[in-house]
Participant: 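I have a structure here, written as structure tokens, and I will follow up with some questions on it.
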Amino acid sequence: MFMIRSGAWLAVFVGTALSLFATLAATSAAQFEEVEAGLPEAPEILPLREQVPLIDGIIAERLDLVIPQIMRENNVSMWLLMAREYFEEPVIESMLDARSMAARRRTILIFFDPGEGQPIERLTVSRYGLAGLFEPSWDPAEQPDQWRAVADIIAARDPASIAINYSDLSAFGDGMTLSQYRLMMAALPERFHDRITSGETLAVRWLETRTPREMAIYPDIVRTAHWIMSRAFSTAVIEPGVTTADDVVWWYREELSRLGIQPWFHPSVGIQRAGQDGMLYGDTVIQPGDLLWTDFGITYLRLNTDTQHLAYVLREGETAAPQGLVDGLAASNRVQDILREHMQVGLTGNEILARARAQAIAEGINPSIYSHPIGLHGHGAGTAIGFWDNQNGDPRSEYPLYADTAWSIELTTFGEVPEWDGQIVDFRTEEDAFFDG
């Protein structure tokens with residue numbers, strides 16, 4: 001949580017951990033000034049040219065490490081991926097090198113496991129290579145029909161199974177379009193038709209798995225988002241009595257544009273106020289005594305952040321937020337800890353949700369949990385742990401939790417604030433985390 005002091009226009013960053021909040025909330029105004037000097041420094045944002053080898057190196061590591069792991073754990077001999085220019089499916093989009101803005105015409109990628117521990121073949125059946133990450137395997141001069149070239153590759157390798165991306169449940173595993181499926185099947189010898197299987201799990205496992213090289217840079221990407229948020233919730237941006245919620249929202253957008261960083265969703269800023277129900281948005285002017293909320297996420301080096309923080313605008317003469325708000329934040333922090341305690345490899349998202357909710361409720365907390373994977377997408381591939389509109393389990397969450405995955409620990413609690421005449425306040429929190437198993 002942040003605190004913004006009206007009158008002296010003093011802004012202080014306070015972390016979501018209760019211990020830090022409570023420590024800073026108890027300090028004097030003079031100490032607040034000392035704390036402000038400790039705000040995070042501007043992180044280094046790499047020029048585009050310097051981002052290229054980093055992005056391509058991460059893709060290469062992912063292809064080397066993740067592909068063999070997921071194909072062998074799912075007993076798949078061949079995985080075939082297809083995308084058309086400007087209509088990229090999520091998996092192929094994540095495999096395009098840093099100089100490839102889109103698939104070219106029709107891009108077909110094939111992974112083949114020869115077995116016996118041999119390296120996975122990585123083939124591209126398209127006119128253009130992908131930074132040396134895949135072996136070009138089609139000469140249109142010899143075989144003008146691209147799908148027949150694919151059929152020839154399949155026939156030569158005789159795979160026991162051929163995974164293609166179709167799924168009723170996951171958008172991440174539903175990349176094969178009907179038109180391309182028909183063309184592929186028309187070219188494929190009939191003896192291979194019954195070997196076609198869904199690549200849904202492969203797609204999810206590929207997208208959700210984080211590698212050592214990714215995790216070496218991911219914390220700094222999160223710190224970059226926190227640095228921007230700390231400035232948004234400061235008196236450099238907010239002047240109580242003047243600044244509106246939308247002013248802060250558009251400051252985010254303009255600042256990201258200036259920095260050369262992309263948002264993956266339009267930022268949110270809301271206001272909760274004593275005597276008014278619900279969240280206030282838009283042209284509402286921020287006033288002393290308001291509890292502010294923001295939801296903010298960036299995409300940098302192809303990895304995403306998703307964070308929700310709170311701020312309190314001090315009234316004249318106040319040096320700390322009302323204790324009821326401190327206690328409300330503590331309840332949300334407690335549910336974060338409870339949820340993390342129940343995240344165990346092999347449990348489904350529904351099982352984790354039920355166990356965490358049961359414990360939180362037994363401790364007298366009113367929670368709503370809606371945590372999700374994060375990584376190559378903001379709302380990433382993998383099991384979800386609750387949805388804001390469904391706390392009773394969901395078919396999309398009957399998928400197990402795996403190690404080496406990244407998470408947005410997203411949730412809220414609802415609590416009465418005595419200083420606001422018992423008004424129910426929504427204490428939304430969201431922090432990014434790595435689950436190593």
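When reading the values below, keep in mind they use all heavy atoms of this one structure, side chains included, and skip hydrogens, waters and symmetry mates.
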Participant: What residues form a salt bridge (Lys or Arg N to Asp or Glu O under 4.0 Å) with Arg195, not counting sequence neighbours?
Facilitator: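 Scan of Arg195 (salt bridge (Lys or Arg N to Asp or Glu O under 4.0 Å), adjacent residues dropped) gives Asp158.
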Participant: Mark yes or no for whether Gln423, through its side chain, and Gly275, through its backbone, hold a donor-acceptor pair below 3.5 Å.
Facilitator: yes
Participant: Who passes ring pair (Phe, Tyr, Trp, His ring centres under 6.0 Å) against Trp388, sequence neighbours left out?
Facilitator: none
Participant: Is it true that the side chains of Gln287 and Arg273 contain a donor and an acceptor less than 3.5 Å apart?
Facilitator: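 Note: Gln287 and Arg273 side chains miss the donor-acceptor criterion.
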Participant: Can you measure from CD1 (Ile70) to CG (Leu65) and round to the nearest 0.5 angstrom?
Facilitator: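 Going from CD1 on Ile70 over to CG on Leu65, the span is 11.5 Å.
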Participant: Can you name the residues that form a ring pair (Phe, Tyr, Trp, His ring centres under 6.0 Å) with Tyr402, not counting sequence neighbours?
Facilitator: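 With neighbours one apart ignored, the set is Tyr399.
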Participant: Who pairs with Arg302 by side chain to side chain donor-acceptor pair (under 3.5 Å), at least two apart in sequence or on another chain?
Facilitator: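 Scan of Arg302 (side chain to side chain donor-acceptor pair (under 3.5 Å), adjacent residues dropped) gives none.
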Participant: Can you give me every donor-acceptor pair (side chain of residues 75-87, partner residue at least two apart or in another chain, under 3.5 Å) with its distance?
Facilitator:
from, atom 1, to, atom 2, distance (Å)
Trp79, NE1, Asn165, OD1, 3.0
Glu85, OE1, Arg105, N, 3.2

Participant: Using the six-membered ring of Trp227, assess whether NZ or CZ of Arg223 lies under 6.0 Å from its centre and within 45 degrees of the ring axis.
Facilitator: no
Participant: Tell me whether Glu89 contacts the main-chain N or O of Val91 through its side chain, where contact means a donor paired with an acceptor under 3.5 Å.
Facilitator: yes
Participant: If you draw a 6.0 Å radius around CG in Asp389, do more than 12 non-hydrogen atoms from other residues or ligands fall strictly inside?
Facilitator: yes
Participant: I want to check something: taking the side chain as every heavy atom from C-beta on, are Val269 and Asp246 in contact at a cut-off of under 4.5 Å?
Facilitator: no
Participant: Quick check on Tyr281: does its OH atom have over 12 non-hydrogen neighbours (other residues, nucleotides or ligands) under 6.0 Å away?
Facilitator: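 Counting neighbours around OH of Tyr281, more than 12 heavy atoms of other residues, nucleotides or ligands fall under 6.0 Å, so yes.
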Participant: Measuring only between side-chain heavy atoms, which start at C-beta, is Val313 closer than 4.5 Å to Ile238?
Facilitator: no
Participant: Using 0.5 Å steps for rounding, measure from the CD atom of Glu318 to the CD atom of Glu316.
Facilitator: 10.0 Å
Participant: Checking Thr405 side chain against Thr209 main chain: does a donor-acceptor pair fall under 3.5 Å?
Facilitator: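 Not confirmed, Thr405 side chain does not pair with Thr209 backbone.
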Participant: Is there side-chain contact between Met176 and Met184, with at least one heavy-atom pair below 4.5 Å?
Facilitator: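 With C-beta onward as the side chain, the pair touches.
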Participant: Taking all heavy atoms of Pro373 and all of Ala381, pick out the closest pair and write down the distance.
Facilitator: CB-O, 3.2 Å
Participant: When rounded to the nearest 0.5 angstrom, what is the spacing between OG in Ser332 and CG in Leu310?
Facilitator: 7.5 Å
Participant: With heavy-atom distances below 4.5 Å as the criterion, would you say the side chains of Met343 and Ile409 are in contact?
Facilitator: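 When only atoms from C-beta onward are counted, Ile409 and Met343 do touch, with a gap below 4.5 Å.
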Participant: Work out which heavy atom in Ser408 is nearest to a heavy atom in Asp432; give both atom names and the distance.
Facilitator: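 Where Ser408 meets Asp432 most closely, the heavy atoms are OG-OD1, 2.8 Å.
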Participant: Quick check against the 3.5 Å criterion: does Ser397 have a side-chain atom that pairs as donor or acceptor with the backbone of Gly349?
Facilitator: no
Participant: Heavy atoms only: give me the nearest Asp56-Ala98 pair and the separation to one decimal.
Facilitator: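 Answer, listing the atom of Asp56 first, then Ala98: OD1-N, 2.8 Å.
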Participant: When you compare the side chain of Asp220 with that of Ile217, does any pair of heavy atoms fall below 4.5 Å?
Facilitator: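 Ile217 vs Asp220: side chains apart.
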Participant: If we ignore hydrogens and angles and just use 3.5 Å, is the side chain of Thr243 paired with the main-chain N or O of Glu239 as donor and acceptor?
Facilitator: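 Yes; at least one donor-acceptor contact below 3.5 Å.
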Participant: Sub-3.5 Å donor-acceptor pair from the side chain of Asn304 to the main-chain atoms of Leu376, do we have one?
Facilitator: yes
Participant: Heavy-atom count around Arg182 CZ within 6.0 Å, excluding the residue itself: above 12?
Facilitator: no
Participant: Could you tell me the separation between the CE atom of Met95 and the CZ atom of Arg122, rounded to the nearest 0.5 Å?
Facilitator: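 One finds 9.0 Å between CE of Met95 and CZ of Arg122.
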Participant: Not counting sequence neighbours, list each pair that qualifies as a salt bridge (Lys or Arg N to Asp or Glu O under 4.0 Å) and has a residue in residues 201-217.
Facilitator: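 Output for this query lists Arg62-Glu214, Glu73-Arg205, Arg205-Glu208, Arg210-Glu214.
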Participant: Report the residues that fulfil side chain to side chain donor-acceptor pair (under 3.5 Å) with Glu135, sequence neighbours left out, ordered by chain and then residue number.
Facilitator: none
Participant: Heavy atoms only: give me the nearest Pro288-Leu314 pair and the separation to one decimal.
Facilitator: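 Looking at all heavy atoms of both residues, the closest pair is CB-O, 3.7 Å.
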Participant: Mind checking side chain to side chain donor-acceptor pair (under 3.5 Å) for Ser198 and listing every partner two or more places apart, or none if nothing turns up?
Facilitator: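 Side chain to side chain donor-acceptor pair (under 3.5 Å) list for Ser198, sorted by chain: empty.
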Participant: Not counting sequence neighbours, list each pair that qualifies as a ring-ring contact (aromatic ring centres under 6.0 Å, His included) and has a residue in residues 234-257.
Facilitator: Trp250-His266, Tyr252-Phe296
Participant: For the side chain of Asp174 and the backbone of Ala171, is there at least one donor-acceptor N/O pair under 3.5 Å apart?
Facilitator: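 A pair under 3.5 Å: no.
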Participant: Looking at Ile271 and Leu292, what are the two nearest heavy atoms and their distance?
Facilitator: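 That would be CG1-CD2, 3.8 Å.
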Participant: Passes side chain to side chain contact (heavy atoms under 4.5 Å, CB included), Val417 versus Leu291? Steps please.
Facilitator: CA-CA 12 Å; Val417 176; Leu291 179 66; over 6 Å; no
Participant: Would you give the length of the straight line joining atom CD of Gln391 to atom OH of Tyr370, rounded to the nearest 0.5 angstrom?
Facilitator: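 Reported to 0.5 Å precision, the distance equals 8.5 Å.
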Participant: Any sub-3.5 Å donor-acceptor pair from Thr294's side-chain atoms to Ser268's backbone N or O?
Facilitator: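 Present.
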Participant: Within the distance-only criterion (no hydrogens, no angle test), does the side chain of Gln180 pair as donor or acceptor with the backbone N or O of Thr177 below 3.5 angstrom?
Facilitator: no
Participant: How far apart are the C-alpha atoms of Leu202 and Trp206, what are their side-chain angles, what is the distance that settles it, and do they pass the side chain to side chain contact (heavy atoms under 4.5 Å, CB included) test?
Facilitator: CA-CA 6 Å; Leu202 291 174; Trp206 162 260; over 6 Å; no
Participant: Applying ring pair (Phe, Tyr, Trp, His ring centres under 6.0 Å), name anything that partners Phe112, two or more places apart in sequence or on another chain.
Facilitator: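 With sequence neighbours excluded, Phe112 shows a ring pair (Phe, Tyr, Trp, His ring centres under 6.0 Å) to no residue whatsoever.
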Participant: Hey, mind stepping through Asp306 and Asp295 against side chain to side chain contact (heavy atoms under 4.5 Å, CB included) and telling me if it holds?
Facilitator: CA-CA 7 Å; Asp306 196 1; Asp295 190 358; 3.2 Å; yes
Participant: Going by atom types alone, do Ser100 and Asp97 pair a side-chain donor with an acceptor below 3.5 Å?
Facilitator: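 Yes, Asp97 and Ser100 have a side-chain donor paired with an acceptor closer than 3.5 Å.
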Participant: Please find the pair of heavy atoms, one from Val237 and one from Arg231, that lie closest to each other, and give the distance.
Facilitator: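 Where Val237 meets Arg231 most closely, the heavy atoms are CG2-O, 3.2 Å.
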Participant: Mind checking what makes ring pair (Phe, Tyr, Trp, His ring centres under 6.0 Å) contact with His379, not counting sequence neighbours?
Facilitator: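 His379 satisfies ring pair (Phe, Tyr, Trp, His ring centres under 6.0 Å) with Trp264, His372 once adjacent residues are dropped.
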Participant: Look only at the side chain of Gln51 and the backbone of Leu46, and say whether a donor-acceptor pair between them is shorter than 3.5 Å.
Facilitator: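 Yes: the side chain of Gln51 pairs with the backbone of Leu46.
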Participant: Check whether any side-chain heavy atom of Tyr218 sits under 4.5 Å from a side-chain heavy atom of Ile374, and report yes or no.
Facilitator: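 Tyr218 reaches Ile374 side chain to side chain.
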Participant: Report yes if the side chains of Ile298 and Met229 come closer than 4.5 Å at any heavy-atom pair, otherwise no.
Facilitator: no
Participant: Report yes if the side chains of Gln272 and Leu280 come closer than 4.5 Å at any heavy-atom pair, otherwise no.
Facilitator: no
Participant: Would you please name every residue forming a side chain to side chain donor-acceptor pair (under 3.5 Å) with Gln69, sequence neighbours left out?
Facilitator: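 So Gln69 forms no side chain to side chain donor-acceptor pair (under 3.5 Å) with any residue.
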Participant: Please lay out, stage by stage, how Leu256 and Gln262 fare under the test side chain to side chain contact (heavy atoms under 4.5 Å, CB included).
Facilitator: CA-CA 6 Å; Leu256 289 179; Gln262 295 293 319; over 6 Å; no
Participant: Calculate, to the nearest 0.5 Å, the distance between atoms CD and CG belonging to Gln308 and Leu411 respectively.
Facilitator: 9.0 Å
